[in-house]
Amino acid sequence: MMKLDAIINKALGLKFLSLNEAVLLYTRLSTSELMWLAHEIRKIKVPGDEVGWIIDRNINITNVCSARCRFCNFHRVPDHKEAFITSPDEYKEKIIELFKLGGEQVLLQGGLHPQLGLAEYSGLFRTLKATFPDLKLHALGPPEIHFLARKEKKSYREILVALMEAGLDSLPGAGAEILCDEVRKKISGGKCGSGEWLDVMRVAHKLNLPTSATMMYGHIETMEHRIEHLIKIRDLQAEKPEGAHGFVTFVPWPFQAEDTRLSEIFPGDYSLNSLEYIRLLSISRIVLSNIGHIQASWLTVGLPTAQLCLHGGADDLGSIMIEENVVSKAGASFRTDAEGITRAISEAGFRPRFRNQKYETMNYAKQSKDYS
Ligand code: SF4
């Protein structure tokens with residue numbers, strides 16, 4: 001018990017825990033103890049009672065992807081009858097809807113499409129920014145950047161600089177899954193490995209591009225893999241240049257198994273375990289002592305579980321997310337609106353704070369701009 005007390009004090013001092021120390025807390029503390037410790041750290045990192053939320057819209061640039069991740073029901077091969085590339089008119093319509101709802105950011109997810117290169121993505125970003133100067137582009141992710149670098153025979157830096165010049169505002173932490181290659185090879189062997197994922201983020205941090213980090217857990221990984229993942233994220237954050245945005249937030253979400261090849265190859269009980277989610281979120285807050293914000297993914301676990309997470313280390317509920325295709329195609333079906341998410345935050349005992357991707361406070365007001 002002495003040893004556990006010493007580790008708890010180390011965590012409260014925001015010191016970096018070793019893998020063994022974090023595993024010990026994760027496996028030996030009760031859920032209420034883990035939540036208490038995480039909430040104490042939340043109070044140091046994000047003082048006060050505000051909880052962030054945002055409105056953004058997921059638009060899939062394409063559903064064609066060569067990665068063929070075993071947990072993804074969304075991707076299609078290029079000549080599939082359901083294969084698509086989103087048209088300019090579709091973007092326009094979706095972005096106008098977003099503005100009307102009070103949002104200003106789109107989450108553009110790419111997919112590894114053999115025919116889409118740097119020119120196509122840069123052209124798309126430029127067109128969108130020219131039409132909607134206030135629009136924020138939270139777009140692509142390390143797997144797409146790695147794919148583009150190989151396709152164009154350019155460095156990660158050259159690709160990111162070109163995309164930033166075209167209008168990229170921030171880079172989502174998509175495609176992290178579990179940053180341990182023995183796991184990645186079995187679930188998503190067609191995209192970049194963990195070292196490459198981290199390398200892309202390292203370059204993004206040097207360019208002061210805001211990024212986020214994620215984890216998809218609850219498939220074939222062990223508890224040690226989860227902690228190893230968190231430690232890799234934390235150690236990369238420690239490398240970022242002084243004053244750079246780095247990882248602005250961390251978001252864990254559970255594997256959504258329905259009809260996935262992964263659940264066929266590795267059969268098991270993949271039903272949502274809310275307690276497990278809360279425990280993972282709390283240990284994330286404890287280990288990631290150098291990351292500002294921890295977000296509960298209400299979209300995949302539901303609002304009641306996300307509300308509990310606000311007492312276990314989370315200080316953000318993320319977006320009402322107008323569209324999300326990868327998780328919704330694998331069973332997640334939670335929905336809410338601005339009123340629903342702000343009510344959920346208040347019910348949990350906190351004050352809602354409408355924010356942007358950099359976590360700056362924004363005024364929530366429905367837009368009435370005329371883009372017709
Ligand atoms: S999860 Fe993303 S990278 Fe993997 S197959 Fe689906 S679209 Fe492609």
Side-chain angles (χ1 to χ4, degrees), residues 56-86 90 106-118 120-121 124 137-151 156 159 163 171-181 183-201 204 211-221 229 251-266 270 297 299-300 321 323-332:
D56 63 8
R57 175 158 209 166
N58 185 7
I59 305 179
N60 290 93
I61 297 168
T62 177
N63 63 346
V64 173
C65 185
S66 58
R68 307 188 69 190
C69 302
R70 286 173 162 171
F71 56 85
C72 174
N73 290 339
F74 174 70
H75 68 271
R76 297 287 181 269
V77 292
D79 53 1
H80 194 282
K81 64 178 178 354
E82 292 166 7
F84 69 78
I85 294 178
T86 299
E90 287 169 319
V106 285
L107 168 57
L108 293 181
Q109 297 284 269
L112 314 184
H113 191 310
Q115 267 92 52
L116 295 184
L118 185 57
E120 285 73 24
Y121 287 111
L124 171 64
L137 295 178
H138 186 47
L140 307 179
E144 285 96 342
I145 303 302
H146 172 73
F147 175 80
L148 287 174
R150 290 180 97 174
K151 185 174 167 56
Y156 295 152
I159 297 290
L163 292 172
L171 186 68
E177 281 83 69
I178 293 284
L179 291 170
C180 304
D181 287 333
V183 176
R184 294 178 78 76
K185 279 189 186 123
K186 292 182 186 150
I187 68 168
S188 56
K191 62 187 178 200
C192 66
S194 57
E196 292 153 340
W197 192 97
L198 292 161
D199 284 345
V200 171
M201 286 303 194
T211 65
S212 55
T214 63
M215 176 197 287
M216 186 190 75
Y217 76 96
H219 35 90
I220 59 166
E221 86 290 354
H229 176 102
V251 198
W253 60 73
F255 166 50
Q256 309 281 326
E258 201 176 303
D259 296 331
T260 58
R261 281 199 300 144
L262 189 55
S263 62
E264 278 169 31
I265 298 166
F266 301 101
Y270 292 112
S297 170
L299 184 76
T300 52
M321 190 60 83
E323 272 176 279
E324 209 300 322
N325 285 321
V326 172
V327 295
S328 62
K329 278 218 177 335

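Just so you know, these numbers come straight off a predicted model, no measurement behind them. In each ligand, atom 1 is the first atom listed, and ligand 1 is the first ligand listed.
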Practice item. Pick out which of Phe71, Tyr217, Phe255 makes a ring-ring contact (aromatic ring centres under 6.0 Å, His included) with Tyr270. Key: Phe255
Point to revise | Partner of Lys191 under side-chain hydrogen bond (donor to acceptor under 3.5 Å, both in side chains), chosen from Glu196, His146, Glu144, Glu177 | key: Glu177
Revision key, fill the gap. Check: of Ser188, Gly141, Ser66, Cys69, min heavy-atom distance to atom 4 (Fe) of ligand 1 comes from Cys69
Check your understanding: So, Thr260 versus Asn73: side-chain donor-acceptor pair below 3.5 Å or not?
Key -> no
Check your understanding: Just wondering, is there an N, O or S atom on Cys65 that's nearer than 2.8 Å to atom 8 (Fe) of ligand 1?
Key -> yes
Exercise for review: With heavy atoms of Cys72 as the reference, note each atom of ligand 1 found under 4.0 Å away.
Suggested key: 1 (S), 5 (S), 6 (Fe)
Point to revise | N, O or S of His75 under 2.8 Å from atom 4 (Fe) of ligand 1 | key: no
Exercise for review: Would you please test Ile85 and Leu116 for side chain to side chain contact (heavy atoms under 4.5 Å, CB included) and show each step?
Suggested key: CA-CA 10 Å; Ile85 294 178; Leu116 295 184; 4.1 Å; yes
Practice item. Provide the number and element of each atom of ligand 1 under 4.0 Å from a heavy atom of Lys191. Key: 3 (S), 4 (Fe)
Exercise for review: Could you go through the side chain to side chain contact (heavy atoms under 4.5 Å, CB included) check for Ile61 and Leu140 one step at a time?
Suggested key: CA-CA 9 Å; Ile61 297 168; Leu140 307 179; 3.9 Å; yes
